[in-house]
Novice: 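To start, I am sharing the structure in question, which I have written as structure tokens.
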Amino acid sequence: MQSNTVLNPPSNQDSSSRTAELPFTLQDIKAAIPAHCFEPSAWKSLAYFFLDIGIIAGLYAIAYTVDSWLFYPIFWLMQGTMFWALFVVGHDCGHGSFSKSKWLNNLIGHLSHAPILVPFHGWRISHRTHHANTGSLENDESWYPVSESKYNQMPWYEKLGRFYLMLFAYPIYLFRRSPDRAGSHFMPGSPIFRPSEKWDVLTSSASLVLMVGFLGALTYQFGWLFLLKFYLVPYVVFVMWLDLVTFLHHTEADIPWYRGKDWSFLKGALSTIDRDYGIINSIHHDIGTHVAHHIFSTMPHYHLKEATEAIKPVLGDYYRKSTEPIWKSFIRSYWDCHFVSDTGSGVYYESPNSRRSAGVK
């Protein structure tokens, strides 16, 4: 496994007995997708990167020139959204879908993530774990449900942070990982990482130290209000976008979660959902087109829509997409998706507000 790439598991998983109940295999799905969809173009990927950087620079120039509190809320929303778009470019770098060049992926990954205080390699490696274990109650990395008994034992402040303030969770996740998962994205000795990944982790942590130092210099020169107006508020908007989108990728009342040997890569990859963000789709590089991305994570973002149309006939009812307004999906999942049954596999989210019988294997 190359250190800069999140690879799909070995192809023999799609023919294992654990996925025998699915009416198709991983190879069936792959065969339906035009071959060019798997080919990244470094020039095309770079064009998206420089477009995002150009828009961010332009927004800064406008905000600095206008310097009006009437304009700043508009600027914060737009700039925070562009920070999120830049994160998605780095996301492709982490998957190796930005280009075929490892050094270019790592370079652009750091240039995309360090400015928004994301440790590229630290995030990339934990994200690899997420993709390799999506839908597994025991091994998924992020936005996995707790059991009902665990939920009932959680103190009120833990429930508050996990279920009601989740749109601000990402910085905490970087430092402390997800609940019941030990480790930090900044420390090479963390159980998230292999010993061979030490220098990758240190490199990314060092890039954030440099960024924090740069922000500190700006604050020293221009004051705290300058930092608040031009960085901190857009950063909070970015964090809210990141948490909102990743939460909605994997949190839905009709998405099953699996235990033990009942889980398989393909079943887990299908336990996600495509969502429509309207005019934001193109701005954040169609990251809402998520089912195809989880099946083939090394596919560039600009081919995901075409690939999705190609696999729909193969997946049939196993393909999930929501076309309802994002705010409505968020509110419903916010209230109805808190825990799963203590036993069984193929279990679904429940909450004290919405109960259902547990799924069965």
Side-chain angles (χ1 to χ4, degrees), residues 1-15 19 22-54 85-109 111-112 120 124 127-128 130-132 134 245 249 265-266 268-270 272-277 279-316 318-321 323:
M1 181 178 290
Q2 297 180 2
S3 64
N4 72 317
T5 307
V6 178
L7 296 175
N8 290 326
S11 59
N12 63 356
Q13 284 204 26
D14 68 307
S15 59
T19 57
L22 295 176
F24 45 76
T25 67
L26 196 62
Q27 290 304 316
D28 292 334
I29 302 171
K30 186 175 183 178
I33 301 173
H36 71 267
C37 289
F38 296 96
E39 294 297 318
S41 165
W43 292 110
K44 190 169 186 177
S45 297
L46 283 168
Y48 281 104
F49 169 71
F50 285 114
L51 176 63
D52 288 351
I53 291 295
L86 190 62
F87 173 89
V88 177
V89 170
H91 170 268
D92 265 22
C93 294
H95 282 292
S97 58
F98 187 88
S99 76
K100 294 182 179 180
S101 169
K102 177 180 177 179
W103 74 264
L104 183 60
N105 292 339
N106 289 343
L107 173 64
I108 301 300
L111 292 177
S112 299
F120 173 68
R124 171 186 64 78
H127 194 63
R128 174 186 66 197
H130 163 61
H131 269 263
T134 305
V245 174
H249 282 162
F265 168 77
L266 187 51
L270 293 172
T272 184
I273 185 170
D274 285 0
R275 298 202 187 268
D276 185 358
Y277 292 84
I279 62 172
I280 305 297
N281 285 333
S282 59
I283 295 174
H284 68 185
H285 310 306
D286 294 307
I287 192 65
T289 309
H290 210 61
V291 176
H293 169 65
H294 261 274
I295 301 173
F296 301 107
S297 61
T298 56
M299 185 182 296
H301 71 82
Y302 39 82
H303 291 318
L304 287 174
K305 292 175 70 175
E306 181 180 357
T308 296
E309 292 304 314
I311 66 177
K312 281 182 182 179
V314 179
L315 299 184
Y318 287 89
Y319 170 74
R320 293 180 176 85
K321 180 177 181 178
T323 57

Novice: Between Phe24 and Tyr318, is the ring centre distance below 6.0 Å?
Specialist: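 That pair passes the under 6.0 Å test.
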Novice: Can you tell me how far CG of Asp92 sits from NE2 of His293, rounded to the nearest 0.5 angstrom?
Specialist: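 Separation between the atoms: 7.5 Å.
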Novice: For the side chain of Asp274 and the backbone of Val291, is there at least one donor-acceptor N/O pair under 3.5 Å apart?
Specialist: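 Checking the backbone N and O of Val291 against the side chain of Asp274, a donor-acceptor pair under 3.5 Å is found.
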Novice: If we only count heavy atoms from C-beta on, is the Phe265 to Leu26 side-chain gap below 4.5 Å?
Specialist: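 Result yes, sub-4.5 Å side-chain heavy-atom pair found.
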Novice: Is a side-chain N or O of Ser297 found less than 3.5 angstrom from the main chain of His95, in a donor-acceptor match?
Specialist: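 Here the side-chain-to-backbone pair does not exist.
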Novice: For residues Leu304 and His290, determine if any side-chain heavy atom of one lies less than 4.5 Å from a side-chain heavy atom of the other.
Specialist: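 No, their side chains stay 4.5 Å or more apart.
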Novice: Atom NZ of Lys321 and atom OG1 of Thr308: how far apart are they, to the nearest 0.5 Å?
Specialist: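 The distance works out to 8.5 Å.
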Novice: So, do His285 and Asp52 sit near enough that their side-chain heavy atoms are less than 4.5 Å apart?
Specialist: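 They are in contact (side-chain heavy atoms under 4.5 Å apart), so the answer is yes.
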Novice: CZ of Phe38 to CD1 of Ile33: how many Å apart, nearest 0.5 Å?
Specialist: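 That separation rounds to 4.0 Å.
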Novice: Under 3.5 Å, is there a donor-acceptor pair between the side chain of Ser45 and the main chain of Ser99?
Specialist: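 Between the backbone of Ser99 and the side chain of Ser45 there is no qualifying donor-acceptor contact (under 3.5 Å).
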Novice: Does the side chain of Tyr277 come within less than 4.5 Å of Ile287's, by heavy atoms?
Specialist: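 When only atoms from C-beta onward are counted, Tyr277 and Ile287 do not touch, as no gap falls below 4.5 Å.
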Novice: How many angstroms lie between CG in Asp286 and OH in Tyr302, if you round to the nearest 0.5 Å?
Specialist: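 Atom-to-atom, Asp286:CG and Tyr302:OH are 12.5 Å apart.
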Novice: Is there side-chain contact between Phe49 and Ser112, with at least one heavy-atom pair below 4.5 Å?
Specialist: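 In contact.
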Novice: Does Glu39 reach the side chain of His303, with side-chain heavy atoms less than 4.5 Å apart?
Specialist: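 No, too far: nothing below the 4.5 Å cut-off.
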Novice: Determine whether a donor-acceptor pair (N or O, by modelled atom type, separation under 3.5 Å) exists between the side chain of His91 and the backbone of Leu86.
Specialist: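 No, because the side chain of His91 does not come within donor-acceptor range (under 3.5 Å) of the backbone of Leu86.
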Novice: How many angstroms lie between CD1 in Ile29 and CD1 in Ile295, if you round to the nearest 0.5 Å?
Specialist: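 Here the interatomic distance stands at 4.5 Å.
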Novice: Show your reasoning for whether ring-ring contact (aromatic ring centres under 6.0 Å, His included) applies to His294 and His130.
Specialist: CA-CA 10 Å; His294 261 274; His130 163 61; 5.0 Å; yes
Novice: Kindly check if the number of other-residue, nucleotide or ligand heavy atoms within 6.0 Å of NZ (Lys305) is above 12?
Specialist: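 No, NZ of Lys305 has 12 or fewer neighbouring heavy atoms, counting only those of other groups under 6.0 Å.
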Novice: As an exercise, state the distance from CG of Leu51 to CG of Leu46, rounded to the nearest 0.5 Å.
Specialist: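 Going from CG on Leu51 over to CG on Leu46, the span is 12.0 Å.
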Novice: Side chains of Pro40 and Pro300: closer than 4.5 Å at any heavy-atom pair?
Specialist: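 With C-beta onward as the side chain, the pair touches.
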Novice: How about Ser41 and Trp43: does a side-chain donor come under 3.5 Å of a side-chain acceptor?
Specialist: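 No.
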Novice: So, Arg320 side chain and Leu270 main chain: donor-acceptor pair closer than 3.5 Å or not?
Specialist: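 Checked: pair present.
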Novice: Apply ring-ring contact (aromatic ring centres under 6.0 Å, His included) to residues His301 and Tyr48 and explain how you reach the verdict.
Specialist: CA-CA 10 Å; His301 71 82; Tyr48 281 104; 4.5 Å; yes
Novice: State, with a plain yes or no, whether a side-chain heavy atom of Phe87 is found less than 4.5 Å away from one of His284.
Specialist: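 They are not in side-chain contact.
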Novice: Just checking, any donor-acceptor pair under 3.5 angstrom between side chains of Glu306 and His36?
Specialist: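 A donor-acceptor contact under 3.5 Å links the two side chains.
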Novice: Please report the shortest heavy-atom distance between Ala310 and Ala32, naming the atom on each side.
Specialist: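 Distance-wise, the nearest heavy atoms are CB-O, 3.3 Å.
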Novice: Which pair of heavy atoms, one from Asn105 and one from Cys93, lies closest together, and at what distance?
Specialist: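 Minimum heavy-atom contact is O-CB, 3.2 Å.
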